[in-house]
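Heads up, the thing below is written out as structure tokens.
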Amino acid sequence: MERMHIARVKQKSRHYGFKTFIICNVFFFLWLVSGAVSTAGPQDRTLEGLVELIENAFDLSVKNPQQGKILALEAVAGIKMIKNDTLLSKAYHTIGNCYINIGQNDSAMFFAKLALSLKKSTDTRFDVQNLLGRLHHEFQSYDSALYYFGINLHDAEEIQSEEWKAATHNNLGMVYDSKGDLRKSYDHYVEALKLYESSSNLKNAAIVLNNLGIINQGLGDYDKSAGYFKRAVEINKELNALVDLSMNYSNLGITYKELGRLDEALEMYKASLKIAVENNLARDQARIHLNLGNIFKIKGNMEMAELSYKESLKICEENEILFGVMLNNYTLGALYKDLKHYVKAEPHFQNALKIALMSGHQNTMLDSYRSLSLVYEKLGKTDKALEFSRKLMRLNDSISEINHKQYVMDLQTRYETERKELENISLKLENENKSKTIRLQLYITIFGGLTIVLLTLMVIMILKSRQKIRKNNERLSLLNYKYQQQNLILEETNSTKDKLFSLIAHDLRSPFSSMLGFLQLLSEDFDSMSEQEKKKVLDSLFKQSSNTYSLIENLMTWAMNQRGQLQCEPGYHELAGIVAQEVEFLRSRAESKSIHIENAIPEGRSAFVDKDMVRVIFRNLINNAIKFTGEHGTITIDCVTQLDELQVSITDTGRGMTPEEIQMVFHNNTFYSSQGTKDEKGTGLGLLIVKDFAEKNNIRMEVSSRPGEGSVFTLHIPVHE
């Protein structure tokens with residue numbers, strides 16, 4: 001919790017785990033159900049009032065993220081009633097910002113993905129992708145972070161927004177810094193600084209100066225680092241940007257500490273703390289008290305160090321900053337251990353270890369095991385001391401196993417080399433002992449065998465030459481065959497893509513033309529139309545929009561898969577919940593045709609699959625069943641358990657298929673589609689994605705159907721790895 005980038009603590013990423021994620025979202029659900037809102041109630045709020053509420057929540061996401069989260073959740077309930085997806089996306093983005101600022105990154109990721117899934121404006125999309133980039137950076141998924149920031153940079157350049165370009169360059173610098181590529185990090189920060197200075201955006205220029213100071217801290221150039229921080233301080237003083245000024249003072253204090261200028265470091269920390277307290281910046285207060293404790297400890301003032309650590313711990317506990325709770329508990333334990341107060345030290349080390357085990361923080365685990373072993377030894381609890389000593393050894397062994405593997409490989413290579421050298425020496429000695437005998441034999445046979453040797457060499461050369469020619473011919477034939485196969489694959493791929501783009505161009509143009517026509521009709525004849533006519537037009541618009549959305553969603557999935565951005569990462573996942581989520585997602589489409597969907601998959605049935613890919617498979621198959629089932633029909637999803645697989649069947653009472661149509665469904669790289677029972681159109685792209693994702697997850701698919709009797713799609717899904 002020592003140094004900061006853009007208004008955030010720079011620390012190792014941590015995962016609070018699935019349990020925290022579930023608890024958070026259960027509370028969110030109960031809150032929505034109970035209607036725990038403000039005095040006026042979200043139903044009484046106007047659109048302008050909800051916009052203002054979200055803006056206030058976003059302002060609090062840094063200063064007081066807990067309060068900001070409450071306001072944003074209150075706004076969500078009101079926005080859902082007016083059904084404004086763009087505003088709802090902003091609210092979810094704000095909640096994600098609040099969670100990332102209190103260190104609950106799993107919950108932040110949940111709300112960021114919710115925001116990404118909704119229709120949104122260009123600026124909201126930029127903010128959501130920026131949040132996802134930050135979260136992937138926190139999780140140390142640097143390639144994913146670069147992906148989202150890369151999209152933002154492309155969008156910024158496309159609309160020629162200097163502000164967006166500068167912000168994205170700053171974030172890219174942050175990621176490359178964490179990856180250890182300081183050259184690229186420095187280049188991106190400098191580019192961001194140029195853009196901010198050219199647009200006179202001094203506030204963000206100061207943020208970049210702060211980040212450049214951190215780069216130089218990492219390089220050990222503390223004098224240069226202090227220069228950057230001082231420039232940032234001057235700007236933020238002039239702008240009265242107190243939150244950023246607190247960050248600058250804190251980072252400058254770290255630099256002075258490293259330079260051994262402890263009194264100046266204390267002065268900077270106290271200046272930072274004053275701002276943090278006045279502006280209720282809980283996270284900053286916790287960090288500064290911890291840093292103050294470190295300075296007091298170095299100066300030998302253990303009483304003040306203890307008070308500072310305790311104050312930091314209290315703030316972290318009150319604001320649910322788990323990493324800070326872990327760090328302060330360990331720091332207090334270490335202080336008491338140094339003071340030989342072993343009874344006081346023991347519970348703090350235990351608390352630190354508990355959080356480290358939950359979050360997977362290996363360094364703290366190692367330090368806690370080591371310290372607890374020493375504390376119990378000093379307390380005379382030898383069994384406990386031995387227990388933690390063993391745990392320390394096991395963890396050390398597991399962490400160093402990879403390093404040891406390389407050492408063993410090097411050792412084995414050296415052993416093989418030395419063994420060969422010894423063998424060579426032995427052979428050399430043996431050869432020297434036999435050299436005289438061999439020489440005599442050679443002289444005797446050389447003249448008689450010379451002719452035979454020459455003839456043999458000639459025969460061998462001829463045979464080798466012929467063998468070489470034959471191998472070259474075989475290799476050439478193989479290369480020609482591979483070339484022909486690649487040409488066939490390329491032609492088929494190009495043909496597939498051409499056909500896809502042709503279908504997309506046609507099927508996108510048609511619904512959009514239809515929707516524009518309906519909208520023009522509503523715009524021009526709205527007052528003269530009857531309510532029944534308006535409803536009919538709106539129903540048509542809904543159907544066209546729903547079909548177009550499904551097409552675009554499948555197109556995006558297909559495009560990402562073709563670019564290799566979708567990797568199959570299987571794990572054990574319960575199918576009932578996945579299917580229930582997709583049924584709920586498609587319920588409005590089914591209800592428009594009065595179709596009943598029954599999810600009969602028992603809870604607890606898990607399979608070894610990639611969760612996101614299986615969700616896409618179920619979504620497309622259920623959507624197809626809705627498309628080809630008439631009004632008042634039924635769709636049933638059930639499951640049969642076998643020894644090593646689950647057989648999940650999607651049965652509809654639709655119009656069914658002929659044997660020829662079934663054959664077209666299973667034909668590779670074929671876009672087969674026909675109109676639905678209410679003239680719904682499609683490209684066949686959804687089935688192509690289903691086949692591809694099924695193959696990647698080792699899922700075998702069967703179809704049984706007769707015209708007029710409905711269809712049954714059966715998925716044979718593996719249960720084990």
Side-chain angles (χ1 to χ4, degrees), residues 1-15 96-97 100-101 103 105 108-109 112 126-158 161-199 201 203-229 231-232 244 247-248 250-251 254-255 258 323 363 563-565 567:
M1 291 177 65
E2 263 200 342
R3 60 196 183 105
M4 300 178 66
H5 278 283
I6 302 178
R8 67 176 188 88
V9 178
K10 180 176 174 63
Q11 60 191 45
K12 291 189 177 179
S13 299
R14 59 225 183 256
H15 301 264
N97 265 307
I100 197 175
N101 286 327
N105 294 336
M109 181 66 79
F126 182 89
D127 291 337
V128 172
Q129 290 172 167
N130 185 64
L131 175 60
L132 283 165
R134 289 175 61 197
L135 284 165
H136 282 293
H137 176 262
E138 288 293 322
F139 287 132
Q140 297 181 353
S141 302
Y142 298 130
D143 290 337
S144 296
L146 291 174
Y147 168 73
Y148 283 109
F149 290 144
I151 294 176
N152 274 359
L153 186 59
H154 175 270
D155 290 346
E157 291 172 345
E158 194 170 72
S161 170
E162 300 298 304
E163 200 71 21
W164 285 11
K165 280 196 285 187
T168 307
H169 276 299
N170 185 71
N171 288 332
L172 287 167
M174 175 181 66
V175 177
Y176 281 115
D177 179 19
S178 298
K179 288 185 72 173
D181 193 339
L182 298 185
R183 184 185 63 80
K184 285 187 178 180
S185 176
Y186 182 82
D187 289 344
H188 281 292
Y189 281 146
V190 169
E191 185 64 27
L193 184 59
K194 289 178 182 177
L195 290 166
Y196 281 135
E197 288 180 339
S198 66
S199 62
N201 189 332
K203 177 177 174 60
N204 286 327
I207 291 174
V208 179
L209 287 168
N210 180 81
N211 292 341
L212 285 167
I214 292 173
I215 288 285
N216 283 280
Q217 275 184 346
L219 293 171
D221 192 344
Y222 297 110
D223 290 325
K224 195 170 184 180
S225 171
Y228 281 117
F229 291 138
R231 285 176 60 189
D244 291 344
M247 173 181 63
N248 301 147
S250 179
N251 287 333
I254 295 168
T255 299
E258 296 298 330
F323 182 82
N363 288 336
R563 292 173 63 189
Q565 293 176 352
Q567 300 297 324

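Numbers here simply count residues along the sequence, with the first being 1.
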Inset, instruction - Enumerate the residue pairs fulfilling salt bridge (Lys or Arg N to Asp or Glu O under 4.0 Å) with a member in residues 149-158, sequence neighbours excluded, ordered by first and then second residue. - result: R125-D155
Inset, instruction - Report yes or no: does S185 contribute a side-chain atom to a donor-acceptor pair with the main-chain N or O of G173 at less than 3.5 Å? - result: yes
Inset, instruction - Check side chain to side chain contact (heavy atoms under 4.5 Å, CB included) between D221 and all other residues, then give those that pass, not counting sequence neighbours. - result: N216, D223, K224
Legend entry - Qualifying salt bridge (Lys or Arg N to Asp or Glu O under 4.0 Å) pairs with a residue from residues 183-193, counting only residues at least two apart or across chains: R183-D187
Legend entry - Rounded distance [0.5 Å steps], CG in N251 versus CG in N210: 4.5 Å
Legend entry - Which atom of A112 lies closest to which atom of L132, heavy atoms considered: CB-CD2, 3.7 Å
Inset, instruction - Taking the side chain as every heavy atom from C-beta outward, state whether Y189 and I215 have any atom pair closer than 4.5 Å. - result: yes
Inset, instruction - Enter the distance from L153:CG to Q129:CD here, rounded to the nearest 0.5 Å. - result: 12.0 Å
Legend entry - Spacing of CD1 belonging to I151 relative to OG1 belonging to T168, to within rounding of 0.5 Å: 11.0 Å
Legend entry - F149 and H169: CA distance, side-chain angles, deciding distance, side-chain contact (heavy atoms from CB on, under 4.5 Å) verdict: CA-CA 8 Å; F149 290 144; H169 276 299; over 6 Å; no
Inset, instruction - Show the numbers, then the answer: is there a side-chain contact (heavy atoms from CB on, under 4.5 Å) between Y176 and L146? - result: CA-CA 9 Å; Y176 281 115; L146 291 174; 3.9 Å; yes
Legend entry - Heavy-atom closest pair, residues E163 and Y196: OE2-CE2, 3.6 Å
Legend entry - Trace of the side-chain hydrogen bond (donor to acceptor under 3.5 Å, both in side chains) decision for N170 with N211: CA-CA 8 Å; N170 185 71; N211 292 341; 2.9 Å; yes
Legend entry - Aromatic contact, Y142 with H136 (centres under 6.0 Å): no
Inset, instruction - Would you indicate whether the side-chain heavy atoms of N204 and V208 approach each other to under 4.5 Å? - result: no
Legend entry - Side chains of Y228 and I214 in contact at under 4.5 Å (non-hydrogen atoms): no
Legend entry - Residue pairs passing the salt bridge (Lys or Arg N to Asp or Glu O under 4.0 Å) test where at least one lies in residues 203-219, sequence neighbours excluded: K203-D244
Legend entry - Close side-chain approach of Y148 and R134, heavy atoms under 4.5 Å: no
Inset, instruction - For A145 and G133, work out which heavy atoms get closest and say how close. - result: CB-O, 3.3 Å
Legend entry - A166 to A192 - nearest heavy-atom pair and separation: O-CB, 3.4 Å
Inset, instruction - Check step by step if side-chain hydrogen bond (donor to acceptor under 3.5 Å, both in side chains) holds for Q217 and T255. - result: CA-CA 7 Å; Q217 275 184 346; T255 299; 2.9 Å; yes
Legend entry - M247 backbone acceptor or donor facing S250 side chain under 3.5 Å: no
Inset, instruction - Taking the side chain as every heavy atom from C-beta outward, state whether N201 and E162 have any atom pair closer than 4.5 Å. - result: no
Inset, instruction - Please work out whether the ring planes of W164 and F126 are parallel, tilted or perpendicular, with thresholds of 30° and 60°. - result: parallel
Inset, instruction - Using only heavy-atom distances, determine whether the side chains of N152 and N130 contain a donor-acceptor pair under 3.5 Å. - result: no
Inset, instruction - Taking the side chain as every heavy atom from C-beta outward, state whether Q140 and S178 have any atom pair closer than 4.5 Å. - result: no
Inset, instruction - Give the C-alpha distance, both sets of side-chain angles, the deciding distance and a yes or no for side-chain contact (heavy atoms from CB on, under 4.5 Å) between N171 and V175. - result: CA-CA 6 Å; N171 288 332; V175 177; 5.7 Å; no
Legend entry - Pairs where residues 140-150 contributes a residue and the test salt bridge (Lys or Arg N to Asp or Glu O under 4.0 Å) is met, not counting sequence neighbours: D143-K179
Inset, instruction - Only counting residues at least two apart or in another chain, list the ones meeting side-chain hydrogen bond (donor to acceptor under 3.5 Å, both in side chains) with D127. - result: none
Legend entry - Closest non-hydrogen atom pair, A232 against A206: CB-O, 3.6 Å
Legend entry - Spacing of CG belonging to L182 relative to CG belonging to L219, to within rounding of 0.5 Å: 5.0 Å
